[in-house]
Each structure stands twice: as structure tokens, then as C-alpha cells.
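Heads up: the structure comes next, in C-alpha cells.
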Amino acid sequence: MGQADLPLVEQFRSWILPESGVGAADRKAFFEDALVVLDTNVLLSLYEYNPAVRNQVLSALEQISERLWLPYQVGQEFVRGRRRVIIERSKELGEAPVAIDRHLQQAYKSVLAASAHVKRLLKKYANDDAAQSSLDEAINQATVKAMLADWQGLLKDHAKQLKSGHDLLPAAVESDDPVLPEVAALFGDRLAPPTEYAVVQRRLEEALSFRFPNEIPPGFADEGKGKPLDRVGDYLVWAEILDRANTPGVKRVLLVSADTKKDWYEELDGKGGKRPWPQLFEELRQRTGAELRIEQPGQFFQGIKEFLSPGTELTTATYDEIDRAAGAVAQRSAEKDSSVTDDNAHVVTPPDGLALAAYRAAGLTTRTVKQLAESGRRRHFQWWLIGVTAELGVRVPDDDEPLVELCAAVRSEVRPAPEWYPGTALAQGEWPYRSDTWVAPWFVQLVQEAGEADRLPLQRLAARQLQPKA
């Protein structure tokens, strides 16, 4: 009798055996017949890729589309998170030239300071005027600027190429999102229905009162996040997977995620070694009878090519890009409580002076709007002004500014919320998108209260936010 056949080993194989008791030799079966669940970070990564990589990834996913299944929680996070990914990427690439200049200016000062330090040593300990003159000739303001100028051009060229290589812009989410239809086609009708509120409440209470205090994966690492529902998102996905795996015909579940936080992965040796938590495999097996496999995105797409479609056009660079993009999205998701949204803007206080700086950068002049920009009762306006001036490049944001996800208006066939106004609520001749937009109620009120000198500039900012940015 081999070790794997011993009753004790069989009962605790998720903890004892490699691959949690499902050997590497069984991996092919997961690609051939498993229910495949893509985590939110995998889907949102499609907005991170350049067009060539995105097309390769979508083509690879088509090979397995008939077995894709979308949990409701993942679908909701995907739909709500699309704009965040585009804004964050656009913000980072748009700010790159300023960041390059800032770093090179620091380098300029550091090189001159280092030269001055050595010259002081030469004078103090050797009184060597010739060596000091030699240094002055080699390292001075002109020579350092000339050297850094070459590097500045090289770095900015790379940043410019990166920016031009991405085709998706924030306005695309509201007007013409090319990714959403592709994702919808991949899943077809294989979508989980909305979870009943009573079930969500029961699962939330179970997570917060039992699972998280006992660090039962997944999700316990999110316990410190803002609202209770934000803390239990991972567990809600997991609960849906358990329900779906308990239906007839599901023998295997392949979960693809870039999330490697401690509530998904167990650290093994303190040196970076980790594995998915054995409790996950054990819980799925005990409650549904199905086997589980968890893969990183790059590993998953390598499996598609190896087992299903050897001709799939995925290069080594593409695999690297897949893992990088998914990891970036997962990291932003882990930090998303630091962003300002329509849901939390009213309770988040801007740093001192930031809204006033945005007011000035926007070229606003009236006392009324200035007072509103400084009023704690107009948080949505304050944060929108902070966010839109940074998004449009009207001002250079501070390094520690939170991401702002607020729009004064959106293009949509469906009213975003009952209290939003149609574009016709704003005056003809002042608002260019009266027939195809919805306007936030706080912005309508702002326009009504603003003096004529600021009313048009505010509407122009909102209109520019709806336009594609170069």
C-alpha cells in the first residue's frame, strides 16, 4: 500500500500530498472538462493590455469559452471596475513625463552635490587645486544637464510609446467600450443570477463572525476594508463557486486568479515559497465532491496552449504581460479603499488646500464657486474638481493623491441612478451633449448656483471628461 492509499493520508491529502492531492499529471483534465472561473482581476486585465496582447488573450479564451462561468459577484466587480483600471493606467502614463523630469532634477542636484562633496575633501585633506579644477571641468551644471538631456529624451520617448500603444480611454467606458461585448460573447448566458439579499446577509455574517476571526480562507485579509460588503467580496465569490460546484456534472473547478494575498495562499518557508491554502481544496471536496485547481493567469494561458490549442499565438512576452497586468489590477483592488467614488465621496475629506488648488488650476474665479470648493457640505463637487483637473492634465497631482472615480455626467442609454437628470436639464448652447447624457444631481445644482463666469468653465470641464483624451 502506497502512502497515498493510507486512510489518514487520503483524509488529509490537501495538506499532505503535493498539488493538494491532485497531481500535475491530472492538470490536463482540468483544461478538458473543468468548470472555469476567471477572477475579476483576470477580466479587468483586458483593459490593461495593448490591443495586440488583448486580441491574443481573447482568442485563447475562446478555446475554453463553453466552460467559462461568471459568478455574479465577479460580474459586478468587473462592470464597476472597468473605468478605474483605465483611469489609473491613463493617469500613470500621462504623469510619466512630469515624474521623469522630477527624478532627473533630483539626479542633477545629487550629482552636483556629490562633486561638491569631493571637492571639499580635496581642499581639506590635499589642498589639491588642480584636482578641483579638473572636477569642475568634468562635472558642472552644463555637462550634467547635457548628459541628463540625452537620458531625458530617451525616457520620455519610451513613455510616449507606452501611452500611444494603449487604445482605451476613460470616456470609452461610457460611450463605446470595445472590451465589454467581447467578454459578454465569451460567457454567453453562463452567468450566475443575482444572489438574494437574505443569502448575502447570511454569508456576510458568517464571514465576519466566524470565518475571518478564525482566518479561514478566502477573504480574511480584507477584514480591514471599508464597508462590510467590501470586506467579504472574495468570500462571496467563493460561496457562489461552492453552490455552482454542487450542481450535477461539475467534477472539477479551475479558478484563475492573480490574487496571492495571505487569505488565498499559505506561506511555506518564510522565503517566498507559498501554495494555495489546502482548506480551499478540502472545503470544495467535502461540500461538493469536486476537485479544485487554482492557477495564475500566465500559467493558465500556457495550459490553454499546451492542452487545447498548440497553435495559439501567445509569446513569452505575452505571458509576462498577462501576469504583470493581472497583478497590477489585483494590487489596485487590494488598495481600492483608498480611492474616492460616488459611494464614499461624501464622507472623505480632501487634504487641506487641495480643492482650492484645483479651483485655481481650473481657472475658476467667482466667490460663490470658491466657497463651494471649500465647503464640507459639497464633497462630491470638491472631489470631482480635484479628480477632473488631474485627469485632464490641468494640474499636476501630488504623489499621495487618492484615485478619484467621479463623473459629473455620463453617456448611457440607462439612467445611472433615479436622481440623475437628463442632459436637457442643462441649458442649450452651454451643454453640448443634451440629447445623450445623464447629469449628476450635485452638478446640476452647482451649475444653477455658479455665477456666469464659472458656469461655462465648469460645464466645459465636465464635457471634456466625456471626450476621448489623446
Q. What pairs of residues pass the ring-ring contact (aromatic ring centres under 6.0 Å, His included) test when at least one of them lies in residues 185-217, not counting sequence neighbours?
A. none

Q.
Using side chain to side chain contact (heavy atoms under 4.5 Å, CB included), reason through Leu61 and Leu38 one step at a time and then give a plain yes or no.
A. CA-CA 10 Å; Leu61 287 173; Leu38 306 180; 4.0 Å; yes

From [X] [atom1] over to [Y] [atom2], what is the distance, rounded to the nearest 0.5 angstrom?
X: Leu58; Y: Leu46; atom1: CG; atom2: CG; answer: 5.5 Å
X: Gln371; Y: Arg378; atom1: CD; atom2: CZ; answer: 11.0 Å
X: Trp438; Y: Thr424; atom1: CH2; atom2: OG1; answer: 8.0 Å
X: Phe443; Y: Cys407; atom1: CZ; atom2: SG; answer: 11.0 Å
X: Arg395; Y: Thr389; atom1: CZ; atom2: OG1; answer: 3.5 Å
X: Arg377; Y: His346; atom1: CZ; atom2: NE2; answer: 16.0 Å

Q: Evaluate side chain to side chain contact (heavy atoms under 4.5 Å, CB included) for Thr40 paired with Asp259, printing each intermediate quantity in order.
A: CA-CA 10 Å; Thr40 310; Asp259 194 340; over 6 Å; no

**Q.** Whether His380 and Trp442 hold their rings parallel, tilted or perpendicular, with breakpoints at 30° and 60°
**A.**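 Tilted.
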
**Q.** Ring geometry between Trp238 and Trp264 (parallel below 30°, tilted from 30 to 60°, perpendicular above 60°)
**A.**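 If you compare the ring of Trp264 with that of Trp238, the planes turn out perpendicular.
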
Q) Quick one: do Asp136 and Lys119 make a salt bridge, cutoff under 4.0 Å? A) yes

Crowded around [X] [atom1]? As in, over 12 foreign heavy atoms under 6.0 Å?
X: Tyr433; atom1: OH; answer: yes
X: Glu196; atom1: CD; answer: no
X: Glu452; atom1: CD; answer: no

**Q.** Selection residues 347-357 - residue pairs positive for salt bridge (Lys or Arg N to Asp or Glu O under 4.0 Å), sequence neighbours left out
**A.** none

Q | Stepwise salt bridge (charged side-chain N to carboxylate O under 4.0 Å, His left out) test for Lys370 and Asp454 | A | CA-CA 10 Å; Lys370 180 182 178 184; Asp454 279 350; over 6 Å; no

Q) Step by step, would you call Leu70 with Leu43 a side chain to side chain contact (heavy atoms under 4.5 Å, CB included)? A) CA-CA 10 Å; Leu70 185 71; Leu43 295 177; 3.7 Å; yes

(Q) I want to check something: taking the side chain as every heavy atom from C-beta on, are Leu180 and Tyr47 in contact at a cut-off of under 4.5 Å? (A) yes

(Q) I'd like to check Asp222 versus Lys261 (side-chain heavy atoms, cut-off strictly below 4.5 Å). Are they in contact? (A) yes

Q.
For the residue pair Tyr235 / Glu206, report whether a side-chain donor-acceptor contact shorter than 3.5 Å exists.
A. yes

Q: Write down the atom of Ser115, the atom of Ile139, and the distance for their closest heavy-atom approach.
A: CB-CG2, 3.8 Å

Q | Option passing side chain to side chain contact (heavy atoms under 4.5 Å, CB included) with Phe300 (candidates Ile322, Ile294, Leu254) | A | Leu254

